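What follows is a single structure, written as structure tokens, with notes after it.
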There are 2 protein chains.
Amino acid sequence: MKNTVSLKKQQGTCTVPCFDHDKVNAIRSTLDKERDRLPELADFYKLLGSSKRLKILLALAEGELCVCDLAHVLELSVAATSHQLKLLRDKGWLRKRDDGKMVYYRLHSADLLKALKSDLKMLETRLR
Amino acid sequence: MKNTVSLKKQQGTCTVPCFDHDKVNAIRSTLDKERDRLPELADFYKLLGSSKRLKILLALAEGELCVCDLAHVLELSVAATSHQLKLLRDKGWLRKRDDGKMVYYRLHSADLLKALKSDLKMLETRLR
DNA sequence: CCTTCATTTAGAAGATTTCGAAAATGATGA
DNA sequence: TCATCATTTTCGAAATCTTCTAAATGAAGG
């Protein structure tokens with residue numbers, strides 16, 4: 001019955017044997033400080049977790065484009081393109097400009113592109 | 001899973017009125033250079049697009065932890081925790097160390113944490 | 001007003017993700 | 001060997017995401 005595992009604390013109602021109560025609580029209280037920011041960061045990454053949406057952001061790097069031109073760039077239906085644009089716009093990364101019947105989209109934040117390129121470079125240069 | 005016909009045959013037969021052929025083609029050829037890297041970047045973001053997985057990475061910032069301690073930090077079942085760990089490990093962001101019956105996980109890349117914190121700061125400081 | 005056109009929204013189908021329950025794996029020690 | 005334990009894998013259900021078609025919206029010009 002005695003091994004390295006049993007040396008660790010088993011407190012209260014927890015039934016999992018290897019539970020290092022103090023260590024886990026310390027980490028939990030540390031992470032608790034990020035309680036609000038973590039889901040926000042996760043949502044941010046979730047939004048960028050799509051080749052189509054990344055393409056939109058890169059396509060707009062040079063300047064604004066109308067929805068149907070973006071649809072051609074993405075090789076996607078206009079409806080689906082509009083849907084993806086809305087997702088990016090709702091989070092404040094894109095702005096739209098109405099010009100008669102046409103709607104033009106542009107980047108709202110230069111920081112986003114910088115972060116994107118920074119992450120891309122990190123991916124490329126990491127050792128595998 | 002069929003594509004819109006008019007979008008597939010963009011050269012000459014395009015029926016969408018506002019199609020700026022030259023502009024779109026220029027952007028397409030630019031994006032084409034990122035053909036391989038873009039899905040990779042999207043997969044990277046997809047992986048980070050989860051509070052649970054972000055918590056795992058931050059929890060491991062201070063040092064290695066066993067699966068069941070991580071499960072307590074995440075307030076998740078051990079099985080589900082193991083599943084998330086595998087996703088991160090398969091992409092090379094985590095390493096595991098076997099010690100008897102126990103398995104300890106640790107970060108494999110310091111660059112990942114740096115990127116994470118950089119993105120977090122970008123989110124916090126951007127104008128809304 | 002009526003028609004046309006670019007875009008957006010609604011609804012549905014199909015794919016993917018998440019996570020618990022249970023079975024399987026692999027190590028330890030009697 | 002046998003039993004036990006930490007972890008992993010498998011399976012299935014629920015939730016979410018993607019993208020289509022079709023209908024709705026809103027602007028421009030008869």
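Keep in mind it's a predicted model, so treat the numbers as computed, not measured. Below, read A as the first sequence line, B as the second, and so on, with proteins coming before strands; counting in each chain starts at 1.
- Residue contacts shown for A:Tyr105 are limited to sugar-phosphate atoms, with no base heavy atom under 4.0 Å away.
- As rounded to whole Å, 11 Å separates atom P of D:dG26 from atom NZ of A:Lys96.
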Anything under 3.5 Å between a protein N or O and an N or O of nucleotides 11-17 of chain D, put it in a table, one pair a line.
none

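- Judged as a side-chain hydrogen bond (donor to acceptor under 3.5 Å, both in side chains), and not counting sequence neighbours, the contacts of A:Tyr45 are B:Asp119.
- For residues 42-57 of chain B, every residue pair satisfying the salt bridge (charged side-chain N to carboxylate O under 4.0 Å, His left out) rule, not counting sequence neighbours, is listed here: B:Asp43-B:Lys46.
- The side chain of B:Cys68 has D:dT7 as its nearest neighbour among D:dT7, C:dT9, D:dT19.
- In this structure, B:Asp22 has no salt bridge (Lys or Arg N to Asp or Glu O under 4.0 Å) partners at least two apart in sequence or on a different chain.
- One interatomic measurement links the two molecules: CG of A:Leu76 to P of C:dT7, which rounds to 14 Å at whole-angstrom precision.
- Proximity of A:Ser77 to the phosphate of D:dT19: no side-chain N or O atom is located under 4.0 Å from OP1 or OP2.
- At a non-hydrogen distance threshold of 4.0 Å, A:His83, A:Gln84 from residues 82-90 of chain A come into contact with DNA chain D.
- The salt bridge (charged side-chain N to carboxylate O under 4.0 Å, His left out) pairs that include a residue from residues 61-72 of chain A are A:Glu64-A:Arg97, where partners are two or more places apart or lie in different chains.
- In this structure, of D:dT8, D:dC20, D:dC5, it is D:dC5 that holds the atom nearest to the side chain of B:Lys101.
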